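All of these numbers come straight from a predicted model, not from anything done at the bench. Below, read A as the first sequence line, B as the second, and so on, with proteins coming before strands; counting in each chain starts at 1.
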There are 2 protein chains.
Amino acid sequence: MTTEVTGPTPVGEEPLRRRRRRQTEQDICEAALTLFEEHGVAGCTADDIARAAGVSSRTFFRYAVTKERAALVVTGDIEDAFEQGVAALRPDEPLLPQLEALWVEVLRRHENGRSASGRQLRRLYRLLRAEPSLRGAAVAVDDERRAGFAGALAELTGATPDDPTPAILVETTTAVVRVAMDRWAEQLEAAPEGPEPDLVDLYEQAVAAFRTVTAPGA
Amino acid sequence: MTTEVTGPTPVGEEPLRRRRRRQTEQDICEAALTLFEEHGVAGCTADDIARAAGVSSRTFFRYAVTKERAALVVTGDIEDAFEQGVAALRPDEPLLPQLEALWVEVLRRHENGRSASGRQLRRLYRLLRAEPSLRGAAVAVDDERRAGFAGALAELTGATPDDPTPAILVETTTAVVRVAMDRWAEQLEAAPEGPEPDLVDLYEQAVAAFRTVTAPGA
DNA sequence: CCCTATTGTGGCAGTCACTGCCAAGAAGGC
DNA sequence: GCCTTCTTGGCAGTGACTGCCACAATAGGG
């Protein structure tokens, strides 16, 4: 687990600095989520968030490309996980089911309300419903990532550059995920105390609807 | 103030004012596209665009919610057309093919290189490839519109509010469109003088790929 | 332990996107 | 003509974000 001490790699990042970096990133994200919840995105300044996170305003903007993006760290983690999974797909078996299974795995890993990332994910998606500027930022980073996924998938399958298939696979599977997450957020808000809606369930319902809609018959 | 003195319709827009409004909207959009092409989004200020469009900076921001959005008028037209089409769907026949046909119609209407909107669409999509901030804005407004489409579709079909089907239909069909438009932009850039890539063709190829990928067998 | 290259940080000044407010002109209804 | 309703421009202000620079903390040697 630890002791990667003797790296044959020339390497870039070192343990201590890296750890601190992750820590302040988390601090900033937490502060952003909290202040956004309390005062709304427009109701607090980047300075406020920086102060709450214990860093200078200048440093804040080194971590967060944008005030809004400060709260989007979690989605980055999820997309990292997905990207890693994409690299491990078997290119000569049907890809759609593999991608769907991958999403189930990724979502399951992050939905857990007891994990730190799971809780952040809830808070974020609750916020996304009320804050168009946040939603806009989320949608924009998501779009950037998808381009990368499609590229990776194209390389993996050896598709010619003008074959739309990899992009179609990425776009449609993530579209289904998006529907599931939206419904999840909706239900989180509708019944904050009620029975916890299950992200993976919702995703599987969305996949079912997708299958129905694309079934040859109707 | 007076109490509803006027007739049955409080009414909103009148011919002359409306026309002028459309005109300045177009002027601003044109100016934005031109300056973005010449200097890049970061290379020109909102003031520059306003001046080029012949309006004050203050007025510019009355039309363009955001500097970036000034260039996105065309996509708004397309989405208006789609939304209108959605209202005219037959809810008791399979919706996916209807939506696909609707997109063909909408795209055909706007791809024409000789129409003003067609030319603007080209310029915009060329820009989107090089300007992440523009792309981000485009993706964000697109997302807002999709929520409306899904709502309209849900109402049309009488789906229960927790049925993911309308959202799935909207998200997947627009995902396919997005792939087609991306390829279109890519080809526009790759061969600016070559044979004009046909948006409708590309869309139909994307639909074909979608069908293949979702076919029950593989 | 020290020396040095690298990296992370805060402060400062500046640009610019965007907003609220107000007064003035144009357009529509009478 | 009068009065109401947009629509606009100017002005002042807030705040997001950036480049620059000096300084502190680590990494990685000797």
Side-chain angles (χ1 to χ4, degrees), chain A residues 4-28 31-32 35-36 39-71 131-134 136-137 140, chain B residues 1-25 27-28 31-32 35-36 39-51 53-72 131-134 136-137 140:
Chain A
E4 188 139 358
V5 189
T6 55
T9 45
V11 171
E13 293 286 61
E14 318 74 22
L16 204 170
R17 283 180 173 163
R18 187 194 216 109
R19 228 177 312 140
R20 288 209 176 152
R21 223 180 136 64
R22 285 218 183 282
Q23 184 59 48
T24 45
E25 185 181 45
Q26 271 307 314
D27 292 346
I28 287 175
L35 290 184
F36 287 168
H39 312 288
V41 173
C44 63
T45 72
D47 241 21
D48 293 337
I49 306 177
R51 201 169 314 116
V55 297
S56 76
S57 170
R58 189 67 188 80
T59 307
F60 172 82
F61 280 110
R62 273 193 256 268
Y63 283 86
V65 190
T66 283
K67 177 187 164 190
E68 287 69 31
R69 290 207 187 181
E131 298 279 359
S133 66
L134 251 193
Chain B
M1 304 298 181
T2 54
T3 54
E4 291 287 344
V5 189
T6 42
T9 42
V11 170
E13 295 287 62
E14 315 77 23
L16 204 168
R17 280 179 176 164
R18 187 195 216 108
R19 230 177 309 140
R20 287 210 176 152
R21 221 178 136 64
R22 285 218 183 281
Q23 184 58 50
T24 45
E25 185 181 44
D27 292 347
I28 288 175
L35 290 185
F36 287 168
H39 312 289
V41 174
C44 63
T45 73
D47 241 21
D48 294 336
I49 307 176
R51 201 171 313 118
V55 296
S56 76
S57 171
R58 189 64 187 82
T59 309
F60 172 82
F61 280 111
R62 273 193 257 268
Y63 283 85
V65 190
T66 283
K67 178 187 164 188
E68 285 71 28
R69 292 207 185 181
L72 301 182
E131 298 278 359
S133 66
L134 250 193

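- Phosphate proximity of D:dT26 to A:R20: present, with a side-chain N or O under 4.0 Å from OP1 or OP2.
- Taking side-chain N and O atoms only, A:S56 has a distance below 4.0 Å to OP1 or OP2 of C:dG10.
- A straight line from CD of B:E25 to P of D:dC6 spans 18 Å, rounded to a whole angstrom.
- Residue A:R62 contributes atom CZ, which lies 11 Å from atom P of C:dG11 at whole-angstrom precision.
- The minimum heavy-atom distance linking A:A50 with A:S56 is given by the pair CB-O, 3.8 Å.
- Atom OG1 of A:T66 and atom CG of A:L134 lie 11.0 Å apart (nearest 0.5 Å).
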Before giving the answer on side chain to side chain contact (heavy atoms under 4.5 Å, CB included), spell out for B:Y63 and B:R21 the whole-Å C-alpha distance, their side-chain angles and the decisive distance to 0.1 Å. CA-CA 9 Å; B:Y63 283 85; B:R21 221 178 136 64; 3.4 Å; yes
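- Taking only distance into account, the side chain of B:R17 meets the base of D:dT5 through a donor-acceptor pair shorter than 3.5 Å.
- Rounded to whole Å, atom P of C:dG8 lies 16 Å from atom CG of A:D27.
- Note that CD of B:E68 and CZ of B:F36 are 6.0 Å apart. Values are rounded to the nearest 0.5 Å.
- Look at CZ on A:R21: it is 18 Å from P on C:dT6, rounded to the nearest Å.
- Panel note: side chain A:K67, backbone A:I49; no donor-acceptor pair is recorded below 3.5 Å.
- With the end axes of the helix from C:dC1-D:dG30 to C:dC30-D:dG1 each set by five pairs, the angle from one to the other reads 30° at 10° resolution.
- Note that CD1 of B:I28 is 10.5 Å distant from CD of B:Q23, once rounded to the nearest 0.5 Å.
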Base contacts versus sugar-phosphate-only contacts with protein, heavy atoms under 4.0 Å: please encode nucleotides 12-20 of chain C as B, S and - from 5' to 3'. B----SBBB
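- If you check C:dT9, C:dG10, D:dT7 against the side chain of A:V55, the one that comes closest is C:dG10.
- Between the P atom of D:dA16 and the CD1 atom of A:I28 lies a distance of 14 Å, rounded to the nearest Å.
- Rounded to whole angstrom, the span from the CD1 atom of A:I49 across to the P atom of D:dG15 amounts to 13 Å.
- A pairwise comparison of heavy atoms in A:A70 and A:A32 identifies CB-CB, 3.9 Å as the closest pair.
- Per the geometry, CD belonging to B:Q23 stands 12 Å off P belonging to D:dT8, to the nearest Å.
- One finds the OG1 atom of A:T45 at 10.0 Å from the NE2 atom of A:H39 (value rounded to the nearest 0.5 Å).
- A distance of 12.0 Å separates OG1 in B:T24 from CZ in B:F60, rounded to the nearest 0.5 Å.
- One finds a side-chain N or O of B:Y63 lying less than 4.0 angstrom from the OP1 or OP2 phosphate oxygen of D:dT8.
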